[in-house]
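Okay, so here's the structure we're looking at.
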Amino acid sequence: MNIYEFAMKMEKDGQAFYEKMAAQAENQVLKQILTNLAQDEVKHYNLFKKFRDGDISGISEKDLTFTTVVKNAKNVFEQLNAAKIPAKFSADIVAAWKEAQVIEKKSEDFYREKAAEEKNDKVKKTIVKIADEEHKHWILIENVLHFLERPKQWVENAEWNNMEPY
């Protein structure tokens with residue numbers, strides 16, 4: 001299996017994981033974040049599919065601006081705070097989010113390694129951008145985990161500035 005096939009499988013697995021979590025999520029804020037994460041995995045899959053099929057001509061700066069999940073997550077957390085909805089979360093929900101974070105870290109590391117080996121500059125740039133996206137997902141999940149552990153305190157003190165370099 002070549003890198004593109006392997007990456008496509010990773011992205012499909014990630015999509016399925018997030019869709020399953022979203023289907024089980026009772027909290028609409030978390031459901032929306034999970035749905036957005038699944039959509040990002042589809043975008044990544046489609047780029048690797050283009051590469052596998054030999055098409056790198058369609059990669060542009062616009063194509064390299066992927067995720068809105070961070071912006072959307074910030075907005076939904078602010079809405080949750082404004083609604084003053086108390087939230088309590090079970091240990092299995094926290095465990096699932098921790099698993100998601102491990103998956104994102106493994107994906108980021110894999111893509112950075114493969115980008116370093118890539119000879120084509122356009123492909124390399126895109127793989128690095130996808131690795132950056134996976135890093136954003138990791139940070140977002142870190143924030144979700146803090147929220148799950150201390151919902152009221154987290155929403156009042158959340159900082160999103162650690163997302164900006166990517």
Measuring from atom [atom1] of [X] to atom [atom2] of [Y], what distance do you get when rounded to the nearest 0.5 angstrom?
| X | Y | atom1 | atom2 | value |
| --- | --- | --- | --- | --- |
| Leu47 | Lys129 | CG | NZ | 11.5 Å |
| Leu34 | Glu19 | CG | CD | 10.5 Å |
| Glu134 | Ile141 | CD | CD1 | 9.0 Å |
| Tyr111 | Thr126 | OH | OG1 | 12.5 Å |
| Asn120 | Lys125 | CG | NZ | 12.0 Å |
| Gln28 | Thr35 | CD | OG1 | 9.0 Å |

(request) Give me the one residue out of Asn36, Leu145, Ile33 that meets side-chain contact (heavy atoms from CB on, under 4.5 Å) with Leu140. (result)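 Among Asn36, Leu145, Ile33, the one meeting side-chain contact (heavy atoms from CB on, under 4.5 Å) with Leu140 is Ile33.
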(request) Return the orientation label for the His44 and His137 ring planes: parallel under 30°, perpendicular over 60°, tilted otherwise. (result)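 Rings of His44 and His137: parallel, as their planes differ by under 30°.
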(request) Look at the aromatic rings of His135 and Trp138 and report parallel, tilted or perpendicular, splitting at 30° and 60°. (result)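 Rings of His135 and Trp138: parallel, under 30°.
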Check whether any side-chain heavy atom of [X] sits under 4.5 Å from a side-chain heavy atom of [Y], and report yes or no.
| X | Y | result |
| --- | --- | --- |
| Phe6 | Lys114 | no |
| Glu41 | Tyr18 | yes |
| Trp97 | Met21 | yes |
| Phe51 | Asn2 | no |
| Phe48 | Ile130 | yes |

(message) Check this for me, if you would: do Lys105 and Asp109 make a salt bridge, where the nitrogen-to-carboxylate-oxygen distance has to be below 4.0 angstrom?
(response)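 Salt bridge: yes.
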(message) Under a 4.0 Å threshold between the charged nitrogen and the carboxylate oxygen, would Lys9 count as salt-bridged to Glu5?
(response)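 Lys9 and Glu5: not salt-bridged.
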(request) Using atom types as modelled and distance alone, determine if a side-chain donor or acceptor of Asp53 lies under 3.5 Å from a backbone N or O of Asp55. (result)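 Checked: no pair found.
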(message) So which atom in Glu108 and which in Ala131 form the shortest heavy-atom distance, rounded to 0.1 Å?
(response)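 Taking every non-hydrogen atom into account, CG-O, 3.5 Å.
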(message) Which heavy atom of Ser107 sits nearest to which heavy atom of Met10, and what is that distance?
(response)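 Between these two residues, the closest heavy atoms are OG-CE, 3.5 Å.
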(request) Mark yes when over 12 heavy atoms from residues, nucleotides or ligands other than Glu117 sit less than 6.0 Å from its CD; otherwise mark no. (result)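 Enclosed: over 12 neighbouring heavy atoms sit under 6.0 Å from CD of Glu117.
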(message) Around atom NZ of Lys49, are there more than 12 heavy atoms from other residues, nucleotides or ligands closer than 6.0 Å?
(response)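 Counting neighbours around NZ of Lys49, 12 or fewer heavy atoms of other residues, nucleotides or ligands fall under 6.0 Å, so no.
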(request) Decide whether Val128 and Tyr4 are clustered together by the hydrophobic rule: side chain heavy atoms of Ile, Leu, Val, Met, Phe, Trp, Tyr closer than 4.5 Å, transitively. (result)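 No; tracing contacts between hydrophobic side chains, which count when under 4.5 Å, never links both residues.
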(request) State plainly whether one hydrophobic cluster holds both Val42 and Leu37, where clusters connect Ile, Leu, Val, Met, Phe, Trp and Tyr through side-chain heavy atoms under 4.5 angstrom apart. (result)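 Not linked; separate clusters.
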